[in-house]
J.: 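This structure is in structure tokens; I'll ask about it shortly.
In each ligand, atom 1 is the first atom listed, and ligand 1 is the first ligand listed. Bear in mind that the values here come from a model prediction, so they are computed numbers and not experimental data.
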Amino acid sequence: MSTQLEAGTLWRKLVDRTESAIACGALQRIETEHETLRQGGLPFVVRVATNLKRKAEERRERAQTDPTGGREFNPFLPPEAELTVAEISDSHLALLNKFNVVERHLLIVTRAFEHQERLLTQADFEALWLCLREYPSLGFYNGGAAAGASQKHKHLQLVPLPLYPGQGGFPLEDLYTSTPPWEGIQRLKPLPFPHAWSRLPVGLDQDPTEAAAHSLALYRRMLNETGIRMLTGTDGERQAAPYNLLMTQEWMLLVPRSREFSHGISVNALGYVGSLFVKDEQGLETLRHLGPMQLLRDVSVARILPRRSP
Ligand code: AMP
């Protein structure tokens with residue numbers, strides 16, 4: 001019999017698991033304070049870590065006990081039982097992000113090893129939709145180390161909305177909800193770097209298999225339109241370049257990346273909904289001078305490369 005998450009059960013499992021994981025010390029929350037910065041009339045919320053010690057300590061301990069210095073350690077195979085939230089499908093599990101900045105941050109990981117640079121599949125999108133339709137949330141994917149991925153094992157991510165309690169869904173929400181109602185791939189003028197954005201049809205959440213097929217086809221068109229080639233290898237298809245993918249039940253965004261950092265600040269997919277993270281006050285100061293949109297521009301690509309003729 002195949003496994004599928006029972007509809008309407010994920011939030012409860014997530015809340016219960018979070019509570020037990022905090023109680024036993026498996027979950028190691030990164031404490032932050034936040035501040036809003038604006039550029040070009042758009043709001044960005046910057047989280048500033050107030051204590052990053054625990055994650056660094058764990059890395060140091062791992063480096064001492066592991067002969068590879070921690071480089072080959074895979075935290076998702078096997079996952080920590082105390083962090084495991086649910087079996088989503090035959091191919092995917094949901095875990096708590098061990099070092100969470102955002103409350104109730106889920107990782108949707110493949111049960112068997114697959115590289116993070118492999119292209120997303122029908123099974124990946126189906127697992128994402130089974131979770132995405134459970135509560136207001138944002139799904140995202142850091143496609144490669146230069147797009148912010150710290151782990152090689154394939155993992156999608158899901159954070160509940162609103163991202164900041166008491167505020168709208170996420171800082172750049174107005175930008176993504178005030179677009180024309182048509183469903184084609186669009187470029188949003190306020191974003192000064194190559195990207196592909198599209199509204200999704202209403203009601204996709206009714207059928208995760210159909211929703212996944214629709215999202216998969218759109219994702220492949222977006223890769224194509226932003227110049228990211230799909231390479232065929234012996235172990236399946238791979239991305240030719242790094243990118244971030246973000247989606248809610250209403251829209252999908254794909255942004256090609258050039259690098260992880262600018263001015264010492266690491267950016268992952270959440271940057272493109274206006275949510276940034278810095279390690280300390282100095283990072284915040286750097287960002288005040290640089291401007292958050294300039295940071296996104298720096299780590300995105302300058303232009304879409306023309307496709308080489310075969
Ligand atoms: P990313 O850095 O975007 O690739 O996401 C991977 C996430 O995995 C990071 O945010 C880490 O906090 C998280 N992580 C690291 N070790 C573990 C672990 N043992 N269990 C669950 N999550 C982990």
J.: How does Q116 reach ligand 1, by side chain, by backbone, by both or by neither, if only non-hydrogen atoms under 4.0 Å count?
T.: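 The answer is neither.
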J.: Check this for me: does any side-chain nitrogen of one of R220 and E237 sit under 4.0 Å from a carboxylate oxygen of the other?
T.: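 Looking at R220 and E237, the cut-off is met.
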J.: Does atom CZ (R303) have a neighbourhood of more than 12 heavy atoms from anything else shown, all under 6.0 Å?
T.: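 Result for CZ/R303: open.
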J.: Is it the side chain (CB and beyond), the backbone, both or neither of H155 that lies under 4.0 Å from ligand 1, heavy atoms counted?
T.: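 Answer for H155: side chain.
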J.: Once you restrict to heavy atoms under 4.0 Å, what part of N268 touches ligand 1? Side chain, backbone, both or neither.
T.: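 N268 to ligand 1: no contact under 4.0 Å from either part.
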J.: For atom 19 (N) of ligand 1, state which one of A21, P79, P75, G148 supplies the nearest heavy atom.
T.: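 Comparing heavy atoms across A21, P79, P75, G148, the nearest one to atom 19 (N) of ligand 1 lies in P75.
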J.: Do the two ring centres, one from Y141 and one from F125, sit under 6.0 Å apart?
T.: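 Not close enough - the centres of the two rings lie 6.0 Å or further apart.
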J.: Between N100 and ligand 1, which part of the residue brings a heavy atom under 4.0 Å of the ligand: side chain, backbone, both or neither?
T.: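 Under 4.0 Å from ligand 1, N100 contributes no heavy atoms.
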J.: Measure centre to centre between the rings of F170 and W251, then say whether the value is under 6.0 Å.
T.: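 Yes, close enough.
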J.: For ligand 1, which atoms, with element, lie under 4.0 Å from some heavy atom of L96?
T.: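 Answer, ordered by atom number: 21 (C), 22 (N).
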J.: Which is closest to atom 9 (C) of ligand 1 in terms of heavy atoms, V101, N244, N97, L95?
T.: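 Heavy atom nearest to atom 9 (C) of ligand 1 belongs to N97.
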J.: Hey, does Q157 sit under 4.0 Å from ligand 1 if you only count heavy atoms?
T.: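 Within the 4.0 Å threshold, so yes.
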J.: Which atoms of ligand 1 sit under 4.0 Å from any heavy atom of L83?
T.: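 Selected atoms, number and element: 20 (N), 21 (C).
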J.: Run the numbers for me: atoms of ligand 1, each under 4.0 Å from some heavy atom of E80, listed by number.
T.: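 Reading through ligand 1 atom by atom, the close ones are 19 (N).
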J.: Distance under 4.0 Å to a non-hydrogen atom of L107: what atoms of ligand 1 satisfy this?
T.: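 Near L107, meaning under 4.0 Å from one of its heavy atoms, ligand 1 has 8 (O), 22 (N).
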J.: Taking NZ, NE, NH1 and NH2 as the nitrogens, is one of them in E35 or R47 under 4.0 Å from a carboxylate oxygen of the other?
T.: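 Judged by the 4.0 Å cut-off on N to carboxylate O distance, E35 and R47 do not form a salt bridge.
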J.: What atoms in ligand 1 come closer than 4.0 Å to a heavy atom of A149?
T.: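 Close to A149: 4 (O).
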J.: Within a reach of under 6.0 Å around CZ of R297, are more than 12 heavy atoms found that belong to other residues, nucleotides or ligands?
T.: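 Not buried by this count: 12 neighbours or fewer within 6.0 Å.
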J.: Name the residue from N74, V109, L95 that meets the side-chain contact (heavy atoms from CB on, under 4.5 Å) definition with P79.
T.: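 For P79, the side-chain contact (heavy atoms from CB on, under 4.5 Å) test succeeds with only one of N74, V109, L95, which is L95.
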J.: Just do the salt bridge (charged side-chain N to carboxylate O under 4.0 Å, His left out) check on E103 and R29 with the steps written out, would you?
T.: CA-CA 8 Å; E103 299 287 337; R29 189 159 180 269; 2.6 Å; yes
